[in-house]
Amino acid sequence: MASVTLENVSKVYDNKVTAISKANLKINDTEFVVLVGPSGCGKSTLLRMIAGLEEITSGKIYIGDRVVNDVSPKDRNIAMVFQNYALYPHMTVFENMAFGLKLRKFPKDEIEKRVNEAAELLGIKQFLDRKPKALSGGQRQRVAVGRAIVRQPQVFLFDEPLSNLDAKLRVQMRIEINKLHKRLRTTMIYVTHDQVEAMTMGDRIVVLKDGVIQQVDSPLELYNKPSNLFVAGFIGSPAMNFVKGTLQRNGVLQFKTPDFTLKLTPENEKLLHSYENSEVILGIRPEHFEIYDPQKHPDFPQLKATIEVTEPMGAETYAYLKAGNTDFTARFEPMDAIRIGNNITIALDPQKLHFFDPKTERAIR
């Protein structure tokens, strides 16, 4: 097993497009780290540079204590699982899983032992004689993972391995890969554009935007303490609501917009005192709205809104609200009050409010 370290790693293409800019990252031995971000943010490029499939322009990549900048992919002791499985159609499952070991001239009995152990681990032992075309998408993905496992690498790299699967299979395979990590205790680096996948799988998550690392943190820290506007909007589903307003004092500090005014609590005042009479961006997650109850929420900031659209999801209901010309998405437990056309008073949990500097887009801490 091994750690992976990036020191000021950059990738600039010939057309002067910067794919990765000065990435610094330490992935610990046996850690499961997820690289996440929108399409084109550089996450797959970063993974391919670690694999050696993409040359780096500057910086250093370490696997363990060894600088691997000039080491070929086959000598880095890593294994990569791709989005499209990359199985040989004319070979059986056994032959596909054994292929890399045969190239490395492993003894026949060692190959059989490793393939059978991996197949047992992944629940595909009964498919060893089948060709890939006779397998489902989930089974093919297991074969691709099995082919990586038999190598017994120091580091596993996954490049959006579940994006070709349907929703139910994705959830199932997500759980399987998590179980696999716990059994193998190997360093795993996993790329996805799906933030739900990232939140449920990673020990830590690396959020990228335009080739720049925005934040590296545990899933809960990212959710509760996003470092900037981008991370706050990207992590969480449905996305965080954002509203621009001005902080003004009228006895107490207030957040004012043309559509509504929120009275802020002493804790909010303490945080925002240097922004008085300035613009800030307020962020609130859909799940942190509540129907106002004077007994339950005596000191909560509140606003009046109209329900325009509802989406019943069974255990919860998404409601799309309008306060003046400001739109909000809220998530409630199913209740009679949540009906299209109803006017409701919303309470906002003051401890769950996020504030951002509109110039820097950094969170105000």
Side-chain angles (χ1 to χ4, degrees), residues 3-28 31-63 67-69 80 83 155 157-160 163 187-199 201-237 239-240 242 244 280-281 283 285 354-365:
S3 60
V4 176
T5 307
L6 310 182
E7 286 184 0
N8 287 315
V9 170
S10 294
K11 174 66 181 180
V12 182
Y13 288 105
D14 294 339
N15 58 2
K16 308 301 179 195
V17 172
T18 300
I20 295 292
S21 178
K22 295 182 179 175
N24 287 288
L25 179 64
K26 172 72 185 283
I27 296 167
N28 299 316
E31 193 174 20
F32 195 132
V33 168
V34 180
L35 309 181
V36 70
S39 296
C41 71
K43 53 192 184 294
S44 288
T45 302
L46 200 57
L47 196 77
R48 290 171 64 82
M49 288 196 291
I50 294 168
L53 301 174
E54 195 86 60
E55 280 188 27
I56 71 172
T57 305
S58 60
K60 289 180 181 176
I61 296 178
Y62 293 82
I63 295 178
V67 178
V68 294
N69 290 25
M80 192 157 177
Q83 178 180 345
V155 182
L157 307 177
F158 293 87
D159 191 5
E160 303 214 31
S163 53
T187 308
M188 291 187 175
I189 308 172
Y190 187 103
V191 161
T192 180
H193 63 275
D194 183 335
Q195 51 97 12
V196 174
E197 228 167 75
M199 291 288 283
M201 296 181 80
D203 297 325
R204 284 190 302 153
I205 300 172
V206 180
V207 183
L208 287 122
K209 179 194 177 195
D210 300 333
V212 178
I213 293 176
Q214 303 290 309
Q215 189 171 351
V216 183
D217 238 319
S218 68
L220 279 179
E221 281 294 299
L222 278 179
Y223 177 82
N224 290 319
K225 296 178 182 175
S227 64
N228 60 37
L229 212 53
F230 175 78
V231 175
F234 190 80
I235 297 295
S237 181
M240 186 183 284
F242 297 113
K244 190 178 277 191
V280 295
I281 296 170
R285 294 198 183 279
H354 300 263
F355 294 93
F356 302 89
D357 185 309
K359 293 188 181 76
T360 65
E361 298 192 351
R362 303 293 299 174
I364 300 169
R365 291 273 185 260

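In this text the structure is predicted, and so the values were computed from the model without any measurement.
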Hey, what do you get for [atom1] ([X]) to [atom2] ([Y]), rounding to the nearest 0.5 Å?
| X | Y | atom1 | atom2 | value |
| --- | --- | --- | --- | --- |
| Leu47 | Leu53 | CG | CG | 8.5 Å |
| Asp210 | Phe230 | CG | CZ | 7.5 Å |
| Cys41 | Lys209 | SG | NZ | 11.0 Å |
| Ile50 | Ile56 | CD1 | CD1 | 10.5 Å |
| Leu46 | Lys11 | CG | NZ | 12.0 Å |
| Ile27 | Leu35 | CD1 | CG | 6.5 Å |

Exercise. Do Asp159 and Gln83 pass the side-chain contact (heavy atoms from CB on, under 4.5 Å) test, and can you show the C-alpha distance, the side-chain angles, and the key distance before you say yes or no?
Worked result: CA-CA 6 Å; Asp159 191 5; Gln83 178 180 345; 5.7 Å; no

Exercise. Are Arg48 and Glu54 close enough for a salt bridge, meaning some N to O gap below 4.0 Å?
Worked result: yes

Taking the side chain from [X] and the backbone from [Y], do they hold a donor-acceptor pair closer than 3.5 Å?
| X | Y | answer |
| --- | --- | --- |
| Thr57 | Val12 | yes |
| Asn69 | Ile61 | yes |
| Lys43 | Pro38 | yes |
| Thr192 | Val36 | no |

For this session: Measure the acute angle between the ring planes of Phe242 and Phe356, then classify it against the limits of 30° and 60° as parallel, tilted or perpendicular.
Result: perpendicular

Give the minimum heavy-atom separation between [X] and [Y], together with the two atoms involved.
| X | Y | result |
| --- | --- | --- |
| Val231 | Ser227 | CG2-OG, 4.2 Å |
| Ala363 | Pro226 | CB-O, 3.4 Å |
| Val9 | Ile20 | O-CG2, 3.3 Å |
| Tyr62 | Val67 | CE2-CG2, 3.2 Å |
| Arg285 | Ala232 | NH1-O, 3.6 Å |
| Ile213 | Ala23 | CD1-CB, 3.9 Å |

For this session: Just do the side-chain contact (heavy atoms from CB on, under 4.5 Å) check on Gln214 and Val212 with the steps written out, would you?
Result: CA-CA 6 Å; Gln214 303 290 309; Val212 178; 3.8 Å; yes

Side chains of [X] and [Y]: does their closest heavy-atom pair fall under 4.5 Å?
| X | Y | answer |
| --- | --- | --- |
| Val34 | Glu197 | no |
| Tyr13 | Thr45 | yes |
| Ile63 | Thr187 | no |
| Thr5 | Lys26 | yes |

For this session: Starting from the C-alpha separation in whole Å, work towards a yes-or-no answer on side-chain contact (heavy atoms from CB on, under 4.5 Å) for Val206 and Ile189.
Result: CA-CA 10 Å; Val206 180; Ile189 308 172; over 6 Å; no

Problem set entry | Gln215 versus Asn228, side-chain donor and acceptor atoms under 3.5 Å | no

Seminar exercise, completed: The complete set of side-chain hydrogen bond (donor to acceptor under 3.5 Å, both in side chains) pairs with one or both residues in residues 356-365, sequence neighbours excluded, reads Tyr275-Asp357

For this session: Show the numbers, then the answer: is there a side-chain contact (heavy atoms from CB on, under 4.5 Å) between Asp203 and Val33?
Result: CA-CA 6 Å; Asp203 297 325; Val33 168; 5.8 Å; no

